[in-house]
Amino acid sequence: MKSRTENSAHNFLNNIIAQVTTIFLSFFSRTIFIDCLGEEYLGLNGLFSNIITVLSLAELGIGTAIVYTMYKPIAEGDTKKIAALVGYYRRLYSILALVVAGIGVAFYPFLDFFINIDGDIPYIKYYYFLFLIQTVSSYLIVYKTSVLIADQKNYLITKNEIIGNFVSVICQIIVLKITRSYALYTIVHIVAGLAVNWLNSKKAVKHYPYILEKHILSREEKRNIWINIKSMFTYRVGGVILNNTDNLLISRFIGTGTVGFYSNYSMLISKVSNVVNLIFTSIQASLGNYNAEKEGRDLYGMFKIISFIEYWVYAFCSVSFCLLTNDFVTVWLGERFVLADNILYVCVLNFYIQGVLYPIWCYRNTTGLFKDTRLMMYFAAVINLILSIILGLKCGLFGVLISTAIARIATNLWYEPYILFKKYFNINVKKYYLIELDRIIKIGLFIVISQFLFNKIQIESVSILLTIKTCYCILLPNFLLWVENRKKAEYSYVLQRMIKLIYKK
């Protein structure tokens with residue numbers, strides 16, 4: 001039987017392969033998409049994606065709550081309880097599919113309020129229903145994979161996702177080149193998604209055949225699950241409003257075409273974010289299993305290790321984003337698609353804030369602390385919405401994006417660590433705040449100095465400049481991070497674990 005560390009490493013390695021493949025395909029696909037359909041369709045695609053995410057609020061909380069509930073029975077080998085949970089998950093998701101479909105249809109008359117384009121896109125509202133069908137259909141068969149996630153076996157479904165993404169993108173590119181049809185492009189994505197979910201469900205049954213058995217949860221067990229679902233739902237509703245309304249507001253107040261320009265940056269950052277966040281999602285089930293067995297005792301040392309990893313990874317990525325992104329977009333799509341520096345910096349600020357919170361979120365999802373932090377996300381969402389409207393009208397795209405950063409800093413960034421340290425670690429949180437403040441100041445100074453130095457360099461070829469900057473970002477930030485942390489216990493622990501895993505391979 002594999003250890004938690006080995007399972008985490010296996011999940012991480014397989015997910016890295018999947019994400020790197022997806023990133024490559026996404027950039028290739030987007031280039032073809034812009035070439036065949038143009039910027040307005042790109043903005044429409046980003047707008048509809050955000051609308052569907054917001055409309056799927058009903059789902060938020062069910063998956064996390066069910067997986068959280070599975071940690072203990074998996075640790076104890078209670079197959080009847082696991083089967084009962086999967087069966088209950090199926091019933092909840094069947095109801096959910098109907099609810100999301102109903103909300104989606106009810107929202108249809110309000111689409112004109114958010115669509116703000118200069119040109120004429122035929123059948124524009126019918127494309128919305130294709131996005132809705134894709135979301136609703138995914139709920140009908142995905143529930144079985146919850147046991148794989150809870151048991152740290154994500155890697156068993158990763159291959160299907162890699163193959164599905166590859167086939168989907170290739171087929172979409174062929175469809176665009178031959179037909180230039182956005183409808184067919186979207187249909188291909190729907191079919192591929194359904195196929196991957198079906199294959200993953202079959203794999204879950206193959207490895208856990210007992211999940212097909214009929215077992216019923218007691219009324220008390222259902223009540224406890226619903227308590228967790230309500231808490232997580234409350235938290236996630238605020239999170240969706242905070243994180244997924246920017247495109248709606250940008251489209252409404254600035255223009256749907258601007259969503260397309262911004263989506264190039266948000267896609268780049270989100271794809272990289274997906275890769276680095278695999279570090280934390282890969283260990284989350286391990287953390288949940290450990291908490292279930294050890295009852296969460298004395299885990300502050302592990303938190304420090306996770307926080308150390310977060311700092312190194314997000315510091316390196318933030319520096320790289322600030323120095324490389326505009327040059328990369330110039331080489332990739334052309335100078336016309338480059339956004340102002342202040343837009344880039346606020347995007348990176350939002351990226352880094354989320355990174356700081358990831359270790360906190362790992363513990364929140366595996367210890368049930370989402371019950372204590374659920375209302376704070378509402379405050380963040382309200383602050384973000386009000387500021388986005390005010391600053392969006394005055395400052396445009398920058399105003400909408402900086403509002404998200406302000407809302408997070410004013411709420412989640414200080415409150416969630418406070419709750420975790422007070423109720424779980426029983427340690428004063430002030431030292432944590434000072435450490436994080438010191439880290440962000442160091443990163444900011446490094447970025448400012450680096451930008452100043454590169455502004456002094458006169459190189460006409462953007463490709464050559466991008467290559468030089470890339471080498472700089474790979475070498476200097478990581479060297480300085482090594483100098484800063486090489487004597488710390490967290491660094492030694494991570495290094496020893498990596499050597500141990502490599503040696504075993």
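These figures come from a predicted structure and were not determined experimentally.
Listed here is the closest heavy atom pair of N412 and A380: OD1-CB, 3.5 Å. Closest of all the heavy-atom pairs between T31 and W332 is OG1-NE1, 2.6 Å. Between D35 and R180 the shortest heavy-atom distance is O-NH1, 3.6 Å. Scanning all heavy atoms of the two residues, the minimum distance from N247 to G46 falls at ND2-O, 3.5 Å. The two atoms that bring T411 and A407 nearest to each other are OG1-O, 2.6 Å, heavy atoms only. P359 approaches S307 most closely through the heavy-atom pair CG-CA, 4.0 Å.
Annotation for Y108: atom OH counts as buried by contact number, over 12 foreign heavy atoms lying within 6.0 Å. The neighbour count for R219 CZ, taken as heavy atoms of other residues, nucleotides or ligands under 6.0 Å away, does not exceed 12. Enclosure of atom NZ in K202 is not indicated, since only 12 or fewer non-hydrogen atoms of other residues, nucleotides or ligands lie within 6.0 angstrom. Summarising the local packing, CZ of F425 is surrounded by more than 12 heavy atoms from other residues, nucleotides or ligands at distances under 6.0 Å. Remark: Y210 OH is packed, more than 12 non-hydrogen atoms of other residues, nucleotides or ligands lying under 6.0 Å away. At most 12 heavy atoms of other shown residues, nucleotides or ligands fall within 6.0 angstrom of atom OH in Y418.
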task: Report the C-alpha separation of L130 and F48 in whole Å, then their side-chain angles, then the decisive distance to 0.1 Å, and conclude whether the side-chain contact (heavy atoms from CB on, under 4.5 Å) test is met.
output: CA-CA 10 Å; L130 289 177; F48 283 169; over 6 Å; no

- request: List the steps, then state whether side-chain contact (heavy atoms from CB on, under 4.5 Å) holds for F27 with L268.
  value: CA-CA 8 Å; F27 283 115; L268 173 62; 3.3 Å; yes

task: Output, in order, the C-alpha distance, side-chain angles, deciding distance and verdict of side-chain contact (heavy atoms from CB on, under 4.5 Å) for F261 and L397.
output: CA-CA 11 Å; F261 280 82; L397 180 57; over 6 Å; no

message: For L385 and L249: C-alpha separation, side-chain torsions, deciding distance, then whether side-chain contact (heavy atoms from CB on, under 4.5 Å) applies.
response: CA-CA 9 Å; L385 192 59; L249 296 171; 4.2 Å; yes

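Here the side chain of Y265 pairs a donor or acceptor atom with the backbone of L339 at under 3.5 angstrom. Remark: the backbone N or O of L248 is not paired with any side-chain donor or acceptor of S251 at under 3.5 angstrom. Between the H189 side chain and the Y185 main chain, no donor and acceptor come within less than 3.5 Å of each other. Judged by distance alone, the side chain of Q496 and the main-chain N or O of Y493 form no donor-acceptor pair under 3.5 Å. Counting only distance, with no hydrogens or angles, the side chain of S270 and the backbone of M267 share a donor-acceptor pair below 3.5 Å. Of the possible donor and acceptor atoms, one in the side chain of N384 sits under 3.5 Å from a partner among the backbone N and O of T404. Between the side chain of S266 and the main chain of S263, a donor-acceptor pair closer than 3.5 Å is present.
For Y127, the ring pair (Phe, Tyr, Trp, His ring centres under 6.0 Å) partners at least two apart in sequence or on another chain are Y182.
Residues L42 and L37 fail the side-chain proximity criterion, which asks for heavy atoms closer than 4.5 Å. Using a 4.5 Å heavy-atom cutoff, the side chains of Y93 and L96 are in contact.
Atom-to-atom distance recorded for Q172:CD and N165:CG is 9.5 Å, nearest 0.5 angstrom. Distance CD1/I133 to OG1/T186: 10.5 Å, rounded to 0.5 Å. How far OH of Y128 is from CD1 of I115: 10.0 Å, rounded to the nearest 0.5 Å. Taking SG of C317 as the start and CH2 of W312 as the end, the distance is 13.0 Å to the nearest 0.5 Å. Atom CZ of F328 and atom OG of S320 lie 12.5 Å apart (nearest 0.5 Å). One distance of note links CD of E221 with CG of N224; it measures 8.0 Å at 0.5 Å rounding.
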Pair up each side-chain donor or acceptor in residues 349-356 with any protein partner under 3.5 Å, not counting sequence neighbours, and list the distances.
from : atom 1 : to   : atom 2 : distance (Å)
N350 : OD1    : A405 : N      : 3.1
N350 : OD1    : R408 : NH1    : 3.3
N350 : ND2    : V346 : O      : 3.3
N350 : ND2    : L401 : O      : 3.2

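Close placement of the F421 and F303 rings is indicated, their centers lying within 6.0 Å of each other. With ring centers used as reference points, F114 lies 6.0 Å or more from F110. In this structure, Y415 has its ring center at least 6.0 angstrom away from the ring center of F379.
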